[in-house]
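For the single chain, residues carry numbers from 1 onward in sequence order.
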Amino acid sequence: METALRRLDGVDKISISTTEQKFQVTYKPGAVFKPAEIRAAVGKAGVEVLRFRISARGRVQDEGTQRLFFAGKQKFLIAGAPKIPSGSPVSIDGIVDDSRQPLQLKLLHFTSLK
């Protein structure tokens with residue numbers, strides 16, 4: 001599984017915990033998070049991804065009635081989010097629903113950055 005994950009574009013570090021049944025992929029700055037590629041890579045090892053939890057830095061922007069989180073080239077539709085300052089840099093932790101486009105993000109925590 002580790003070898004398959006390392007072959008993905010933009011991957012910097014990988015941490016795997018078999019006891020906790022989780023793995024962590026850290027990307028290089030500017031890389032794009034591609035859930036389908038991760039699912040395919042770990043699927044070859046017989047591993048199923050139940051959910052993606054991400055940590056990222058970026059900005060929240062309002063587009064019509066939608067709130068979007070932009071992290072580099074990536075955008076996420078924020079689902080059920082607390083009021084996050086629009087346009088200001090933030091750090092987020094959240095759960096990604098990759099069954100929809102744009103990817104939906106359920107925020108667990110955010111911190112305003114200066």
N/O donor to acceptor pairs below 3.5 angstrom from side-chain atoms of residues 21-31, sequence neighbours left out:
| unit_1 | atom_1 | unit_2 | atom_2 | d |
| --- | --- | --- | --- | --- |
| K22 | NZ | E20 | OE1 | 3.1 |

Checklist entry - Linking I/L/V/M/F/W/Y whenever their side-chain heavy atoms sit closer than 4.5 Å, directly or via other members, would L68 and I84 fall into one cluster? => result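 Looking at the clustering, I84 is in a separate group from L68.
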For the residue pair [X] and [Y], what are the closest heavy atoms and their distance?
X	Y	result
V90	S112	CG1-CA, 4.1 Å
Q74	V32	OE1-CG1, 3.2 Å
E2	I14	O-CD1, 3.7 Å
V49	R39	O-NH1, 2.7 Å

When rounded to the nearest 0.5 angstrom, what is the spacing between [atom1] in [X] and [atom2] in [Y]?
X	Y	atom1	atom2	value
L77	K75	CG	NZ	9.0 Å
T3	K44	OG1	NZ	11.5 Å
S15	L5	OG	CG	11.0 Å

All N/O donor-acceptor pairs, side-chain side in residues 99-108, below 3.5 Å, sequence neighbours left out:
| unit_1 | atom_1 | unit_2 | atom_2 | d |
| --- | --- | --- | --- | --- |
| S99 | OG | D97 | OD1 | 2.6 |
| R100 | NH1 | Q104 | OE1 | 3.3 |

Validation: residues 53-62 side-chain donor-acceptor distances under 3.5 Å, sequence neighbours left out:
| unit_1 | atom_1 | unit_2 | atom_2 | d |
| --- | --- | --- | --- | --- |
| S55 | OG | D93 | OD1 | 2.4 |
| R59 | NH1 | G87 | O | 2.5 |
| D62 | OD1 | R67 | NE | 2.6 |
| D62 | OD1 | R67 | NH2 | 3.4 |

Next on the checklist: Applying side-chain contact (heavy atoms from CB on, under 4.5 Å) to I92 and H109, what does each step give before you reach the verdict?
Outcome noted: CA-CA 6 Å; I92 61 97; H109 176 74; over 6 Å; no
Next on the checklist: Between K34 and L8, is there a side-chain heavy-atom distance shorter than 4.5 Å?
Outcome noted: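 L8 does not reach K34 side chain to side chain.
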Item to check | Candidate pair F52 and F33, rule ring pair (Phe, Tyr, Trp, His ring centres under 6.0 Å), full reasoning | outcome: CA-CA 11 Å; F52 289 103; F33 167 63; 5.4 Å; yes
